[in-house]
2 protein chains.
Amino acid sequence: MNPYNAIKNAIIIGEYEPGKRLTEEALAESLQVSRTPIRDAIKQLESDGLIIPFKRRGYIVKEFSIEDIRQIYNLRALLESHGAGEAALNRTKEELQFMHEKNTAYEQAISELKRSDISTIKNIQQANQEFHEEIFKATKNEHLRSHISKVVVVPLIFRSFYWYNERQLLRSLEVHKTILKAIENREPERAKIAMQEHIYQGRDDVLVQMANPKIELSKGEV
Amino acid sequence: MNPYNAIKNAIIIGEYEPGKRLTEEALAESLQVSRTPIRDAIKQLESDGLIIPFKRRGYIVKEFSIEDIRQIYNLRALLESHGAGEAALNRTKEELQFMHEKNTAYEQAISELKRSDISTIKNIQQANQEFHEEIFKATKNEHLRSHISKVVVVPLIFRSFYWYNERQLLRSLEVHKTILKAIENREPERAKIAMQEHIYQGRDDVLVQMANPKIELSKGEV
DNA sequence: TTTTAATTTATTGTATACAATAAAAAACGC
DNA sequence: GCGTTTTTTATTGTATACAATAAATTAAAA
């Protein structure tokens, strides 16, 4: 794994906690490479908004406020719902087929859910992401895709902490089907609104968890 | 000027034309710095979508197709119109005042327009940009702002080639006033739609120019 | 004591040399 | 001559040493 993904991953799984201070030298030591590739990685992570410079004394892992999360999810809703609408207009038959396959895989992953099984949760997350990506491919809009990919990183952090319960997952699966059907029927407005609602659901699930630390779930637990 | 802005500027003003090949060494030589800061700049420019790697033999300045331009402007419309709506909800009295001032400066810059005067054109462009930025400050949404700032770079290239005629500029000024009034009256939907229309106008002006190279204007001419 | 100045230190910024490698050119076999 | 292998070359990737500088610490002055 390259330094960028290694560090990003450490942030996402919570190994580097919010507020943790990072320096080029320490990262270079820890990943056994020189400072040069670490600097490249740091620049990218900074542009992703995952770390911020800390008064010329390294960087700190960004601590996201509730308002940050709200704003990022709203942006996601804006961009992904737009993408779903475009996909409904531009999808080919083949792309539609791929979407169905990805969503079947998602359904499969959910049905394999076992309590507190981290690997299963990762599978669900992965399958979900692949379904969404299949939609954005069908837009044929690389510019839109690159913006979406940026706005999707931060939610990953929070999803890996507070994961969904089965009821939420099944609801999510239903919405996927609604989106798919709208894309199949070439109904952009319907696809757009369904996607918007889908993202807002995810947002609110995360916000509820953040606002009630009492019932916060430990890492990976369901 | 730092290497990033120097290179970006050279691309925007057309000194580095689309398709031109750039290598780290040549840029380092030309800007009289070492390869290290050039590499930083290149990484950023690549993430901006202004240059793309050219089979491990340097980079080339991206050539934007009509479809690229359409997609980028549509994205801009999506993000900036959302921003205008948010600004209508969240603006303070002071921020509204600033917007008025920036738009007055814009009006002033237009009234000073002289035929083929490049410095005046730069002033107009600058004043226009500052008006838009004032709106996005008022959203208090840093995440939205960072996305908008990214999607605004490419249009700069095309605006500096095909600049508007006076009729277009005056129409643009009128729309600014409509947006301002909607933000003043806290009408998010109105602000959003006016902004959307504003961006689409800009898009179509550029697309018309691109589709009719016969009447293409030379650099900076009005 | 508290403020100000001087010194030290931690850390990023920059230059530069060398390594890795993909692309281009040249040599080779048929 | 045409496809294949080998060699050369252009260019980025990486390591490392040194420079610049902001922050922290210490010393001095008031």
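Chain A is the first sequence line, chain B the second, and so forth, proteins listed ahead of strands; every chain is numbered from 1. In this text, all values refer to a predicted model and were calculated from it rather than measured experimentally.
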Response to the item:
Testing D/dT12, C/dG13, D/dA24 for proximity to the side chain of A/Arg57, the answer is D/dA24

Item to complete: Starting at atom CD of A/Glu24, determine the distance to atom P of C/dT14, rounded to an integer number of angstrom.
Response: 11 Å

Worksheet item: Rounding to a whole Å, what distance do you find between B/Arg56:CZ and D/dG13:C1'?
Response: 7 Å

Worksheet item: Of all residues at least two apart in sequence or in a different chain, which pass the ring pair (Phe, Tyr, Trp, His ring centres under 6.0 Å) check with B/Phe136?
Response: none

Discussion item. Rounded to whole Å, please give me the gap between CZ in A/Phe54 and P in D/dT21.
Written reply: 21 Å

Worksheet entry | Any residue of residues 25-47 of chain B with a heavy atom less than 4.0 Å from an atom of DNA chain D | B/Arg35, B/Arg39

Worksheet item: B/His143: what forms a ring pair (Phe, Tyr, Trp, His ring centres under 6.0 Å) with it, not counting sequence neighbours?
Response: none

Response to the item:
The complete set of salt bridge (charged side-chain N to carboxylate O under 4.0 Å, His left out) pairs with one or both residues in residues 88-110 of chain B, sequence neighbours excluded, reads B/Glu95-B/Lys140, B/Lys102-B/Glu130, B/Glu107-B/Lys177

Practice prompt. Taking atom types as modelled, find out whether A/Asn123 and A/Thr120 have a side-chain donor-acceptor pair closer than 3.5 angstrom.
Written response: no

Let me have the donor-acceptor pairs involving side chains of residues 44-56 of chain B, under 3.5 Å, with sequence neighbours excluded, atom names and distances please.
{"residue": "B/Asp48", "atom": "OD2", "partner": "B/Tyr4", "partner atom": "OH", "Å": "2.4"}

Practice prompt. Please state whether the phosphate of C/dT21, meaning OP1 or OP2, lies under 4.0 angstrom from any side-chain nitrogen or oxygen of B/Lys55.
Written response: no

Worksheet item: side chain to side chain contact (heavy atoms under 4.5 Å, CB included) with B/Ala88: which residues, sequence neighbours excluded?
Response: B/Ile183, B/Pro188, B/Ala191

